[in-house]
> 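If you scroll down you'll find the structure; I have some questions about it.
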Amino acid sequence: MADDQKIYMPSRPLEAGDRYGILSDFDPGIRTLEAGFQITSPFLPLPVDVVFEKDVAVTLRDGVTIHVDVLRPAGTDKVPVIVAWSPYGKGQGTSDSVMGVFNLVGLDNGIVSGLEKFEGPDPAYWCAHGYAICNPDIRGVANSEGDSVLWDRQEGRDCHDLIEWLATQDWCTGKVAMSGTSYLAVSQWFTAAEQPPHLAAINPWEGVSDVYRDLVLRGGMPDHGFARQLRDYSFWGNSRKEDIIAEADRYPLMSELWENKIPRFDRITVPAYVVASYSNTLHTAGTFRAWRRMASQDRWLRIHNTQEWPDYYDEANREDLRRFFDHYLKDQDNGWEQTPRVRYSVLDLEGGDQVDVAADAFPPAGVTATKFYLDGRSRTLTTTAPTEVGVAAYDVGANPDVVSFVTRFDQETVLVGYPKAHLWVEARGADDMDLFVLVQKLDAYGTPLQQFTVPNQSAMAQDLTERGASILRYKGSDGRLRVSMRHLDEALLTDEVPAHTFDRVEKLAAGEIAEIEIDLLPIGLAFHPGEQLRFVISGRSLLGPMMPRLHEYTPANSGQHVIHSGGDHASYLQLPLQAR
């Protein structure tokens with residue numbers, strides 16, 4: 001049934017343009033790139049001789065042929081291989097688009113060789129340390145056959161077949177891993193769930209884990225900005241590609257189509273080194289969800305304080321990842337298993353971030369889910385429920401079109417874990433509400449504190465992140481929910497993290513006060529004495545689009561939004577308070 005619900009659109013051939021890199025031409029064959037080889041300026045020269053097998057044909061179980069590039073150390077020693085699975089062209093590392101991304105975030109293109117896939121492991125580093133890299137053009141992309149799909153169990157089956165093919169090559173030890181950020185992370189959940197026998201380890205470095213909840217209908221709202229970007233500027237090939245926007249429009253409720261785009265986490269048992277952040281409004285929820293639900297016994301989580309690309313290509317972090325891979329792919333007794341299972345960060349937003357804080361779990365021990373009740377009369381947050389009822393309201397489209405509540409901390413306070421909002425809400429003059437919530441840190445004088453996640457903090461970066469590009473500047477922990485989609489999923493929710501079924505629409509009746517729960521992105525945030533926390537509720541997106549220059553979502557709101565507090569309608573914000 002899921003395949004019957006898929007909708008396809010014509011693709012377009014991968015041809016010269018800003019996404020066409022130097023090695024994008026179809027040119028099967030084997031050649032050796034000698035040490036010192038530099039694909040072009042400004043990229044990093046190769047430190048060792050590398051055998052480059054280009055456009056190797058691999059046949060999948062259903063007869064479809066895809067093409068892969070393999071870069072491996074020269075010599076006769078067998079090596080393990082790392083797969084970078086994505087719809088981005090194999091030669092895209094030298095394209096104008098990828099170089100532009102590095103420039104956008106403030107990275108020097110000279111830190112990589114240009115032989116890597118966008119967001120993937122760099123052969124210059126990994127070949128020098130005894131690994132091969134496999135860069136595939138997946139089903140339907142470039143010269144590979146078939147129709148492409150977007151984040152789907154089909155990709156897991158396809159990559160399973162590639163892994164088993166790689167393991168039998170005469171240069172391979174039989175051990176295969178996966179690594180990469182964003183799309184390359186998501187594909188790892190699906191592949192690991194297929195349990196290919198020769199997959200030895202995975203390294204998902206920030207990625208969604210539920211296409212419905214993370215990408216096309218977060219909170220039940222049809223916010224398609226990034227999904228449209230992904231569909232329209234990727235998956236270029238000679239056949240068809242999946243039209244994720246048309247599917248979201250036709251199937252706005254959870255269905256088998258969307259269930260098929262959720263990895264089977266209980267089947268992910270392979271060793272995993274997962275990397276996450278609090279600040280990526282596309283990836284954060286999905287990465288933590290996968291971490292919570294995957295079945296791997298040997299799993300590690302590191303939560304960094306920047307953005308995925310600077311973090312992934314940081315030299316110390318690559319060395320850390322290599323210890324993990326050396327342990328599981330080369331059987332090295334290097335002490336990796338003594339690495340803390342969780343290393344988290346605590347953001348300060350004033351230059352005092354803590355990183356690599358060791359813990360056994362996330363949230364760490366000593367964290368208590370603490371209710372801060374909304375007081376609609378004083379617009380404050382208090383740890384005791386107000387006895388007097390109150391309301392706070394705004395008219396949709398008015399100025400202001402938000403209501404907020406604040407609390408001031410009189411001693412050092414750290415929040416680490418999962419916030420949620422438990423609200424009693426009413427729509428006057430409407431039968432539904434798109435609600436957006438945000439937890440902000442304010443300094444002692446009430447000024448909101450923010451922090452760039454990337455090295456680029458130029459005037460252009462300031463402009464881009466003024467009301468959007470939230471992956472580049474952290475402004476707080478956010479959440480959203482269309483109130484008619486408020487039905488909770490008893491099988492998935494916990495007291496800390498609400499989950500919704502998204503399988504029904506429950507419109508509001510006139511005068512109805514609805515009880516809702518909204519999950520906010522995980523948080524690690526420190527407050528010094530005198531600083532404040534502000535909880536904001538609005539009918540519009542408080543952060544804007546997640547990526548630069550994306551179309552901004554227009555909520556389906558009208559009338560007046562009313563937030564109730566106190567008495568029988570004691571709305572609260574639940575915060576993960578760490579013991580001092």
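The figures here come from the full heavy-atom set of this structure, side chains too, leaving out hydrogens, waters and symmetry mates.
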> Are Trp424 and His569 near enough that their ring centres are under 6.0 Å apart?
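Yes, close enough.
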> Under 3.5 Å, is there a donor on one side chain and an acceptor on the other for Asn280 and Glu308?
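A donor-acceptor contact under 3.5 Å links the two side chains.
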> Looking at every non-hydrogen atom in both residues, tell me the closest pair between Leu533 and Leu575 and how far apart they are.
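Shortest heavy-atom separation between Leu533 and Leu575 comes out as CD1-CD1, 3.8 Å.
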> Determine yes or no for a side-chain-to-main-chain donor-acceptor pair under 3.5 angstrom, with Asn456 supplying the side chain and Leu104 the backbone.
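Yes, Asn456 side chain to Leu104 backbone: donor-acceptor pair under 3.5 Å.
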> Measure the CD1-OG distance between Ile516 and Ser484 for me, rounded to the nearest 0.5 Å.
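Answer for the CD1-OG pair, Ile516 versus Ser484, is 10.5 Å.
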> Test side chain to side chain contact (heavy atoms under 4.5 Å, CB included) on Leu301 and Tyr344; report intermediate values, then the result.
CA-CA 8 Å; Leu301 174 68; Tyr344 67 93; over 6 Å; no
> Are side-chain N/O atoms of Tyr233 and Arg19 paired as donor and acceptor at under 3.5 Å?
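Side-chain D/A pair, Tyr233 to Arg19: absent.
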> What about Tyr273 and Trp300, are their ring centers closer than 6.0 Å?
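Between Tyr273 and Trp300, the centre distance exceeds or equals 6.0 Å.
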> Do Arg343 and Val357 come within less than 4.5 Å of each other through their side chains, counting heavy atoms only?
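With C-beta onward as the side chain, the pair stays apart.
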> As an exercise, state the distance from CE of Met221 to CG of Leu217, rounded to the nearest 0.5 Å.
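Reported to 0.5 Å precision, the distance equals 10.5 Å.
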> Side chain to side chain contact (heavy atoms under 4.5 Å, CB included), that's the test. Do Asn557 and Asp432 meet it? Break it down for me.
CA-CA 7 Å; Asn557 281 326; Asp432 208 348; over 6 Å; no
> Could you check whether any side-chain heavy atom of Val274 comes within less than 4.5 Å of a side-chain heavy atom of Phe288, counting everything from C-beta outward?
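In short, these two side chains do not touch, never coming nearer than 4.5 Å.
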> Does Lys261 make a cation-pi contact with Tyr212, if we ask for NZ or CZ under 6.0 Å from the ring centre and within 45° of the axis?
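Output no; distance or angle outside limits.
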> Which donor-acceptor pairs under 3.5 Å do side chains of residues 547-556 form with protein atoms, sequence neighbours excluded?
{"from": "Glu552", "atom 1": "OE1", "to": "Arg467", "atom 2": "NH2", "distance (Å)": "2.7"}
{"from": "Tyr553", "atom 1": "OH", "to": "Asp434", "atom 2": "OD2", "distance (Å)": "2.7"}
{"from": "Tyr553", "atom 1": "OH", "to": "Arg482", "atom 2": "NH2", "distance (Å)": "3.1"}

> Give me the one residue out of Asp348, Asp353, Asp311 that meets side chain to side chain donor-acceptor pair (under 3.5 Å) with Asn305.
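Option passing the side chain to side chain donor-acceptor pair (under 3.5 Å) with Asn305: Asp353.
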> Could you tell me if His422 and Gln574 have a donor-acceptor pair between their side chains, going purely by distance under 3.5 Å?
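Note: Gln574 and His422 side chains miss the donor-acceptor criterion.
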> With Arg480 as the cation and Phe436 as the aromatic partner, state whether NZ or CZ is under 6.0 Å from the six-membered ring centre and within 45° of the axis.
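Judged by the rule (NZ or CZ under 6.0 Å from the ring centre, within 45° of its axis), Arg480 is not positioned above Phe436.
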> Give a yes or no on whether the backbone of Thr368 and the side-chain of Thr370 come within a donor-acceptor separation of less than 3.5 Å.
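Here the side-chain-to-backbone pair exists.
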> Please work out which of the three classes, parallel, tilted or perpendicular, describes the rings of Trp309 and Phe118, given edges at 30° and 60°.
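Taking Trp309 first and then Phe118, their aromatic rings sit tilted (interplane angle of 30° to 60°).
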> Atom NZ of Lys441 and atom OG1 of Thr413: how far apart are they, to the nearest 0.5 Å?
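One gets 10.0 Å once the value is rounded to the nearest 0.5 Å.
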> Do side-chain atoms of Glu466 reach the backbone of Asp463 as a donor and acceptor pair under 3.5 angstrom?
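It does not hold such a pair.
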> Taking C-beta and beyond as the side chain, do Asp489 and Phe502 meet within less than 4.5 Å on heavy atoms?
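Answer no - side chains too far apart.
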> Is the shortest distance from a Lys or Arg side-chain nitrogen in Asp401 or Arg540 to a carboxylate oxygen in the other one below 4.0 Å?
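Salt bridge flag = yes for Arg540 with Asp401.
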> Does NZ or CZ of Arg292 come closer than 6.0 Å to the centre of the six-membered ring of Tyr418, within 45° of the ring's axis?
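Ring-cation test returns yes.
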> Would you call the rings of Trp189 and Phe265 parallel, tilted or perpendicular, where under 30° means parallel and over 60° means perpendicular?
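Ring orientation of Trp189 relative to Phe265: perpendicular.
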> Passes side-chain hydrogen bond (donor to acceptor under 3.5 Å, both in side chains), Glu206 versus His304? Steps please.
CA-CA 10 Å; Glu206 295 202 51; His304 63 87; 2.6 Å; yes
> From the options Asp478, Ile537, Val402, select the one residue that forms a side-chain contact (heavy atoms from CB on, under 4.5 Å) with Leu438.
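For Leu438, the side-chain contact (heavy atoms from CB on, under 4.5 Å) check succeeds only for Asp478.
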> Using modelled atom types only, decide if a donor and an acceptor are shared between the side chain of Ser571 and the backbone of His564 within a distance under 3.5 Å.
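At least one qualifying donor-acceptor pair exists.
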> With a 6.0 Å cut-off (strictly less than), is the heavy-atom count around CZ of Arg504, excluding the residue itself, greater than 12?
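For Arg504, atom CZ is crowded (more than 12 foreign heavy atoms under 6.0 Å).
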> Looking at Arg377 and Glu388, does any basic side-chain N land under 4.0 Å from a carboxylate oxygen?
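Here Arg377 pairs with Glu388 in a salt bridge, since their nearest N and O are under 4.0 Å apart.
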> Partners of Trp291 by ring pair (Phe, Tyr, Trp, His ring centres under 6.0 Å), sequence neighbours excluded?
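Scan of Trp291 (ring pair (Phe, Tyr, Trp, His ring centres under 6.0 Å), adjacent residues dropped) gives none.
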> May I ask you to decide if the ring planes of Tyr183 and Phe235 are parallel, tilted or perpendicular, using 30° and 60° as cut-offs?
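The rings of Tyr183 and Phe235 stand perpendicular, inter-plane angle above 60°.
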> May I ask you to decide if the ring planes of Phe527 and Phe409 are parallel, tilted or perpendicular, using 30° and 60° as cut-offs?
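If you compare the ring of Phe527 with that of Phe409, the planes turn out tilted.
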> Do Lys117 and Tyr88 form a cation-pi contact, if we require the NZ or CZ to be under 6.0 Å from the six-membered ring centre and within 45 degrees of the ring's axis?
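Geometry flag: not set, cation outside 6.0 Å or 45°.
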> Just by modelled atom types, is the Phe535 backbone N or O under 3.5 Å from a matching donor or acceptor in the Gln440 side chain?
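Such a contact is absent between Gln440 side chain and Phe535 backbone.
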> Check whether any side-chain N or O of Gln229 sits under 3.5 Å from a backbone N or O of Phe226 as a donor-acceptor pair, and report yes or no.
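Flag not set: sc Gln229 to bb Phe226 has no pair under 3.5 Å.
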> Between the side chain of Ser477 and the main-chain N/O of Leu521, is any donor-acceptor distance below 3.5 Å?
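A pair under 3.5 Å: yes.
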> Which heavy atom in Glu412 sits nearest to a heavy atom in Arg580, and how many Å separate them?
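For Glu412 versus Arg580, the nearest heavy atoms are O-CD, 3.4 Å.
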> Can you find a pair of side-chain heavy atoms, one from Arg218 and one from Leu215, that are under 4.5 Å apart?
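No; the side chains remain at least 4.5 Å from each other.
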> With Val211, which of Ile244, Ile262, Leu257 fulfils side-chain contact (heavy atoms from CB on, under 4.5 Å)?
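Passing option: Ile244.
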> Are the side chain of Thr380 and the backbone N or O of Thr407 linked by a donor-acceptor pair below 3.5 Å?
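Between the backbone of Thr407 and the side chain of Thr380 there is no qualifying donor-acceptor contact (under 3.5 Å).
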> Would you call Glu515 and Arg486 a salt bridge, using N to O less than 4.0 angstrom?
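Result for this pair is no, no salt bridge flagged.
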